[in-house]
Each structure stands twice: as structure tokens, then as C-alpha cells.
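The figures here come from the full heavy-atom set of this structure, side chains too, leaving out hydrogens, waters and symmetry mates.
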Amino acid sequence: MPEPDNDDKERRRRDNLTEFVRAESAAKGFDLCRITRPDAIPQAKERLGQFIDAGRHGTMDWMAETRDRRGDPRTLWSEVRSVVVFGLNYAPEEDPRAILDKPDKAAISVYARNRDYHDVIKGRLKEIATRFAARAGADVKVFVDTAPVMEKPLAAAAGIGWQGKHTNLVSRVHGSWLFLGTMFTTADLVVDAPEADHCGSCRACLDICPTAAFPAPYQIDARRCISYLTIEHKGPIDADLRVLIGNRIYGCDDCLAACPWNKFASSASEMKLQAREDLKEPSIAFLLTLGDAAFRAFFSGSPVKRIGRDRFVRNVLIAAGNSGDKVLIGPCRLLSDDPSPVVRGMAVWALSRLMEAGEFAAFAAQRADERDDDVLNEWRLAGVG
């Protein structure tokens with residue numbers, strides 16, 4: 001038999017390495033593994049630029065600062081030849097919107113009800129990368145939502161799914177419930193075909209948004225998005241948006257949960273991604289009592305911990321103000337003396353909604369001397385000079 005030529009050898013090597021990385025992905029519990037080229041998202045840089053130029057990134061300055069690197073994987077690492085995208089299902093057992101009808105309970109986004117997905121995914125990716133690098137003799141880098149990598153466009157180019165009208169990734173198998181991670185490598189691998197858009201005329205994700213955060217299909221204004229407001233935004237939240245937040249204290253799943261493709265999704269099999277019982281429906285009354293140490297202990301290992309106690313309690317106070325539950329007046333009054341201005345200010349707003357007019361006026365007359373401008377502004381908004 002004739003010896004295989006160099007092209008045949010290279011093709012076999014590419015096929016073998018591709019099969020190897022897919023097998024490693026499955027062995028580590030990933031639900032999907034697809035491959036694309038670093039030049040497969042030429043439109044991403046322009047779209048990102050339009051998003052930032054319109055100011056729709058809000059206070060996420062890091063997006064503007066890294067826009068050039070974020071728009072093209074080769075700018076981040078010039079030697080990359082293949083991008084492997086991994087998907088891990090985190091679908092809930094039930095519709096997460098059910099808790100929105102329980103105003104005394106706090107709604108925490110599905111992805112944050114147990115272990116931090118960054119830790120769960122990155123450890124596995126590092127194991128895959130180590131074994132792959134040894135097998136391929138190639139360089140590798142892994143990323144999980146912590147570097148300027150546009151995971152969603154890359155995932156769509158790799159055939160993991162498509163970016164729906166809510167701008168999130170949608171899979172025909174897993175709906176809108178996928179965590180993503182990537183492995184960049186200098187190895188040449190077999191690429192997959194991109195996934196077509198299957199949204200059709202559906203507007204479910206757009207129409208359900210409580211704050212009208214979608215100016216148009218496939219566009220989002222983070223400044224109106226509850227996930228951004230409760231997680232990324234650091235100061236007081238726009239008073240006009242607070243009432244629309246309801247009892248959502250960390251993130252929002254409405255647009256994800258509304259997607260019809262979720263009917264094909266099965267609940268997450270990874271135990272670390274299944275909801276902790278105490279995070280499914282925590283009471284607002286309990287969460288209002290959390291000081292810094294108790295907050296860090298209660299949310300140990302959870303991504304909720306990264307926003308810090310003060311921003312978190314700010315969110316809980318908004319939920320309290322929206323609850324109509326006068327039982328919460330007591331803990332809200334205590335928080336009106338909190339060392340944190342953002343907490344004090346939101347306590348004022350919550351109390352202005354929970355107390356009767358006379359009771360609030362009496363409370364205002366007894367308030368301590370306040371010097372923070374944001375807190376003073378909350379008093380003015382509440383009708384107290």
C-alpha cells in the first residue's frame with residue numbers, strides 16, 4: 001500500500017484531535033461541544049461598537065475598554081487557529097416565573113441558585129485543556145465569561161445554537177438554559193456548521209420584558225435590563241424602574257423562561273447547578289436582616305456574593321417596597337440607619353411605599369441628620385425636603 005501523503009496525515013490528525021476533544025467534553029459532563037474558527041464572527045465587532053456607542057452598556061466601562069480585543073478573538077490571541085465552545089445545561093425543574101406571584105419571597109435568577117458556574121466550568125475546562133495540549137502538542141487557553149471573549153457569537157458560529165431576539169443563545173435541545181465556556185488552541189480542528197436562526201415571528205421574549213429593555217429584536221439596552229440593574233449597576237436604581245423590578249433581587253429570567261424552545265429542555269443533571277432549597281424562595285424578611293458576615297456566609301460559593309452585601313440589600317429593599325407587606329416596615333426602618341448610603345436611600349424609598357402617609361411623615365420628622373446627596377435625593381423624591 002502506498003504511504004499516506006502529508007495531507008492525509010494532517011487530516012487524520014485533525015480528525016483524531018477533534019474526536020478526542022469531543023470525548024473529553026462528554027466525559028467532563030458538558031452537554032454540547034462544537035468548534036469554529038476565530039474569524040467566524042466578522043460582524044461581532046461592528047455590532048458591539050454600535051451597542052457601546054449608543055451607551056447601552058450602561059456603567060459597564062470594561063466593555064468599552066476592551067471593545068477592540070472583544071470584537072475579534074485573534075486580537076486577544078493572534079496564534080489561535082480553532083475555538084472550541086462548550087455548553088452546559090442549567091435548566092430549572094420548574095418555570096422560574098412562578099415566584100413572581102409571591103411578593104413576600106425573593107426571586108433569584110436560576111443560574112445563581114447554587115455554585116458559581118465560573119468555578120464549576122473552569123475547573124473542567126482546565127482538565128480538558130491539559131489533556132488536549134499533551135495529546136496535540138499545541139498551546140491552549142480557556143475562558144469562562146471572565147475575559148474579553150464574545151462567547152455567544154462564537155457559540156452560534158460553532159453550531160451550539162443561535163442568538164435569539166433576546167440576544168441570548170438558544171439551543172433546539174436545551175432552550176435558553178446554557179452556560180458557555182471556550183478553549184482557544186493553536187491546533188487545527190474540524191469545524192462545525194453554524195446554527196440557523198429559528199426564532200421566526202415569535203416575540204415571546206421581547207413582549208414579556210418588565211422594563212422594555214429591548215429597543216428592537218436582537219437588541220438590548222442594558223440600562224433597562226433587570227439583570228444589569230440588580231447585578232452590575234452600583235448606585236441607586238432609577239426610581240421609575242424600581243416598581244417594575246418587583247421581587248427580583250438578583251437577575252431576571254423572564255425573557256429566557258418565555259422562549260418556546262425551552263419545551264425541549266430537560267432539567268440540569270449537574271448537582272452543583274441544581275437549586276439549593278434555601279435559594280428557591282428565600283423570604284424578603286430574612287434577607288433584610290443580613291449583615292456583611294451573614295451575607296457572605298449565606299451566599300458562600302454562590303455568584304450572588306460577588307455584588308457585595310450593600311448592593312444586595314439595596315435590591316432586597318426594592319422588593320420590600322414592592323411587596324405591600326407592612327410586616328417589613330420594621331426591618332426597613334432599621335436599615336434606614338445603615339452605614340451604607342445606598343442601603344439607607346433605598347430604605348427610605350421602601351418605607352415611603354409601605355407606610356401610610358401620616359406614619360411616614362412622623363418617621364421623616366425623626367430622621368437623623370443626613371449628608372449623603374443620594375440619600376437626600378431619596379427623601380426629596382418621597383416628598384420630604
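Under the 30°/60° scheme for interplanar angles, the aromatic rings of Phe179 and Tyr117 are found to lie parallel. Ring geometry for Trp261 versus Trp162: interplanar angle over 60°, hence perpendicular rather than tilted (30 to 60°).
Side-chain heavy atoms closer than 4.5 Å link hydrophobic residues (I, L, V, M, F, W, Y) into clusters, and following such links, possibly through other members, connects Trp77 to Leu180.
A donor-acceptor contact shorter than 3.5 Å links the side chain of Ser82 to the backbone of Ala187. A donor-acceptor pair under 3.5 Å is absent between the side-chain atoms of Asp192 and the main chain of Arg34, judged by distance alone.
The environment of Glu94 atom CD is dense: over 12 non-hydrogen atoms of other residues, nucleotides or ligands sit within 6.0 angstrom. Environment of NZ in Lys326: crowded, with over 12 heavy atoms of neighbouring residues, nucleotides or ligands closer than 6.0 Å. Atom CZ of Arg131 has 12 or fewer neighbouring heavy atoms from other residues, nucleotides or ligands inside a 6.0 Å radius. Within 6.0 Å of CD on Glu46 lie no more than 12 heavy atoms contributed by other residues, nucleotides or ligands.
In this structure, Asp325 and Pro103 have side chains that are not in contact, with every pair of non-hydrogen atoms separated by 4.5 Å or more. With contacts defined as side-chain heavy-atom distances shorter than 4.5 Å, the pair Arg309/Val343 qualifies. Val80 places a side-chain heavy atom less than 4.5 Å from the side chain of Arg74.
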Please test Glu277 against Lys280 for salt bridge (Lys or Arg N to Asp or Glu O under 4.0 Å), starting from the C-alpha separation and ending with a verdict. CA-CA 5 Å; Glu277 284 300 320; Lys280 286 183 178 180; 2.9 Å; yes
In sequence, state the C-alpha distance, the side-chain angles, and the governing distance for Trp379 and Phe360, and then conclude on ring pair (Phe, Tyr, Trp, His ring centres under 6.0 Å). CA-CA 11 Å; Trp379 281 110; Phe360 185 73; 5.7 Å; yes
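Salt bridge status for Asp145 with Lys152: absent, with no side-chain N to carboxylate O gap under 4.0 Å. The existence of a salt bridge linking Asp310 and Arg314 is excluded, since no basic side-chain nitrogen approaches an acidic carboxylate oxygen closer than 4.0 Å. Of the charged side-chain nitrogens involved, at least one lies within less than 4.0 Å of a carboxylate oxygen, so that Glu232 and Arg306 count as a salt-bridged pair. Looking at Asp8 and Arg11, a side-chain N of the basic residue comes within less than 4.0 Å of a carboxylate O on the acidic one, giving a salt bridge. Here Arg172 pairs with Glu195 in a salt bridge; the nearest charged N to carboxylate O distance falls below 4.0 Å. A salt bridge links Asp53 to Arg67: at least one charged side-chain nitrogen sits closer than 4.0 Å to a carboxylate oxygen.
Each of Asn322, Asn315, Asp254, Asp253 was compared with Arg248 under the side chain to side chain donor-acceptor pair (under 3.5 Å) criterion, and only Asp254 meets it.
Taking the ring centre of Phe298 as origin, the terminal cationic atom of Arg276 falls inside the region bounded by 6.0 Å and 45° from the ring axis.
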